[in-house]
Enquirer: 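Next up is a structure, given as structure tokens.
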Amino acid sequence: MVVYDVAIIGLGPAGMTAGLFASRRGLKTVIIGEVPGGQMALAHVVENYPGVERISGKELTEIMKKQCEKFGCEIVVSRVTDLELKGEVKKVKTDTGEFLAKCVILATGGRHRKLNVEGEDKFLGKGVSYCASCDGPFFKGKKVMVIGGSDSAVTTALYLKSIGCDVTLVHRRDSLRAEEANQKKLFESDINILWDSVVERINGDEKVESVVIKNVKTGETREFETAGIFIEIGMVPTVELAKKSGVETDERNFIKVNRKLETNVKGVYAAGEITGCIPQIVVAAGEGAVAATNAYFYLKGVYGKKTDWGTI
Amino acid sequence: MVKVEILKTHTCPWCPVASEVVKSIAREYENVDVIETFLETPEGAEKAKKLGVTSVPTILVEGKIFSVGVPDPDELRKAIEDAVVRSEGKNKKVPNSFHSFNVHGKRSCVRCSLFVS
Ligand SMILES: Cc1cc2nc3c(=O)[nH]c(=O)nc-3n(C[C@H](O)[C@H](O)[C@H](O)COP(=O)(O)OP(=O)(O)OC[C@H]3O[C@@H](n4cnc5c(N)ncnc54)[C@H](O)[C@@H]3O)c2cc1C
């Protein structure tokens, strides 16, 4: 069986950049991931990835994928089901087969945080959504609510507005976390904003019909009619597989790494949102590059030795 | 024939993943027909409206909503096998489902043959 130099878990920007850097170093590299692009594929417009003024997340995914493959990186679209990380040769089990590698880079990113309110599970696919680029078009001409105050929430609200939805943004504080550039666009649009507000309950019969919102400052609750509710309240790191195979996490459940992005397990690195980095494509990509480069130094046995960049 | 239908759009990142899962499971059986319907088409939009579908991917088994999102492989196998029994009678032998490459590694199974050297 082939033993890869590096197996990267995750096909988001962190994983694909790690794949690019590892394969350009001449390492035999495979990336195994379930959703090409990861969360990046959900971004309808990306305007803060340097060098590209404006691009959709889907297009950026295609470019990153092609760029990796150009340098010989193999890409396998599959779900990883188990990891054996102790020992010199690591084992990656997937839905479709097993892979062996000397080094593993974990880049499994995050998945949507749930609101955990009544009606959220019941109406999933019947008005409750975590993906505006998937489900937004079903709500054209209808009232929708977007929950959250981050860049993802604001860009989701703007996207839904652009396709003809009647949008209300619901945020639990009195100011947004999103970048100024995104906030400016939001305030210039006629999207309604409910400040200091949280969702208490999602109501309906067969599908979502209304949402009960509580003002956290006044304690007042009100019911708003809506057909859709798009939840964008951040991500929880996907760390279960890593934890099960002995990788340590911190108190916030992110993978513990040092500056080289090494984990506590020898030969295992982590990059991107699972390390708790700033949740942006450029940062995840940057971490992918750092992890792959350090994996290369590790495999070449140059740790602790002098190089052009000083002692590594 | 058991009909499994994937309702999808061109912009949804999970749709190709769901299609791959459904197709690979369908290949484990002799009599499963997979149909992909893009909801941007007039027929697709009509179907979504009729079924009240507002999320993609949505998977239908024999015309009924089976799951929203990427289906769980084992649950989909079970739904297919139940549908075979329903449509072809209780005495009909359900074709073996090849649970995973790791379990049997049969060359005759499309999924396994990719990985058995
Ligand atoms: C709607 C939205 C809009 C956004 N807009 C922007 C923007 O404009 N600019 C910006 O910079 N950032 C934006 N972001 C944030 C950005 O997309 C993320 O910070 C970035 O994608 C994180 O990259 P990652 O590689 O660490 O993880 P992810 O992108 O989360 O990728 C994780 C990968 O791991 C895979 N994976 C997880 N578990 C397994 C498993 N068991 N087996 C196989 N594969 C697995 C996933 O399928 C995926 O391929 C946006 C996010 C969202 C949701």
Side-chain angles (χ1 to χ4, degrees), chain A residues 1-2 11-12 33-44 56-59 61-62 76-79 81-82 91 93-99 111-112 121 123-140 142 144 159 163 204-208 227-230, chain B residues 7-25 27-28 38-41 44-49 51-60 65-74 76-77 98-105 109-117:
Chain A
M1 205 170 166
V2 187
L11 252 178
E34 205 173 8
V35 180
Q39 294 170 60
M40 178 168 69
L42 301 174
H44 3 118
S56 75
K58 230 179 153 196
E59 284 173 286
T61 298
E62 273 314 304
V76 176
V77 178
S78 191
R79 186 168 56 121
T81 51
D82 200 19
K91 201 185 268 182
K93 292 187 185 167
T94 77
D95 269 346
T96 44
E98 276 181 15
F99 296 83
R111 54 177 187 275
H112 277 97
D121 289 341
F123 295 116
L124 176 66
K126 296 190 174 81
V128 172
S129 174
Y130 302 89
C131 177
S133 49
C134 306
D135 305 335
F138 295 113
F139 297 90
K140 208 170 163 175
K142 295 186 182 157
V144 296
Y159 165 70
I163 60 167
D205 191 10
E206 289 286 299
K207 54 186 182 48
V208 171
I229 167 164
F230 290 84
Chain B
L7 304 183
K8 60 199 288 192
T9 64
H10 288 100
T11 51
C12 131
W14 281 287
C15 291
V17 183
S19 286
E20 218 18 76
V21 170
V22 171
K23 285 180 192 165
S24 73
I25 286 169
R27 284 197 288 265
E28 297 172 6
F38 282 94
L39 301 186
E40 292 99 340
T41 61
E46 188 53 38
K47 184 164 263 177
K49 207 169 153 196
L51 291 163
V53 167
T54 57
S55 265
V56 279
T58 288
I59 314 298
L60 311 179
I65 295 178
F66 161 72
S67 72
V68 177
V70 178
D72 177 85
D74 285 333
L76 182 58
R77 285 188 185 101
F98 299 155
H99 286 293
S100 82
F101 155 74
N102 295 328
V103 175
H104 64 90
C109 161
V110 181
R111 286 172 81 202
C112 297
S113 63
L114 294 173
F115 297 96
V116 180
S117 56

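Proteins come first, then strands; the chains are lettered A, B, ... in the order of their sequence lines, and each starts at number 1.
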Enquirer: Check the surroundings of atom NZ in A:Lys58: do more than 12 heavy atoms from other residues, nucleotides or ligands lie under 6.0 Å from it?
Expert: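 Enclosed.
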Enquirer: What part of A:Lys207 lies closer than 4.5 angstrom to a heavy atom of chain B: side chain, backbone, both or neither?
Expert: neither
Enquirer: I'd like to check A:Pro36 versus B:Pro13 (side-chain heavy atoms, cut-off strictly below 4.5 Å). Are they in contact?
Expert: no
Enquirer: Among B:Thr54, B:Val56, B:Val53, B:Val68, which residue forms the greatest number of heavy-atom pairs with chain A at distances under 4.5 Å?
Expert: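 Heavy-atom pair counts peak at B:Thr54.
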Enquirer: Report the distance from atom CD of B:Glu20 to atom OG1 of A:Thr96, rounding to the nearest 0.5 Å.
Expert: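 With rounding to 0.5 Å, CD (B:Glu20) is 9.5 Å from OG1 (A:Thr96).
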Enquirer: Using non-hydrogen atoms and a 4.5 Å limit, figure out which bit of A:Val128 sits close to chain B: side chain, backbone, both or neither.
Expert: backbone
Enquirer: Heavy-atom distance under 4.5 Å to chain A: side chain of B:Pro57, backbone, both or neither?
Expert: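 Contact with chain A: none, neither part.
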Enquirer: Tell me, for B:Ile65 versus chain A, whether the close heavy atoms (under 4.5 Å) come from the side chain, the backbone, both or neither.
Expert: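 Interface part for B:Ile65: neither.
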Enquirer: Verify, without hydrogens or angle tests, whether B:Thr11 (side chain) and A:Ser133 (backbone) share a donor-acceptor contact under 3.5 angstrom.
Expert: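 Here the side-chain-to-backbone pair exists.
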Enquirer: Examine the side chains of A:Asp135 and B:Ser55 and answer whether a donor and an acceptor come within less than 3.5 Å of each other.
Expert: yes
Enquirer: Where does A:Val35 contact chain B at under 4.5 Å (heavy atoms): side chain, backbone, both or neither?
Expert: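 For A:Val35, the contact with chain B is made by backbone and side chain together.
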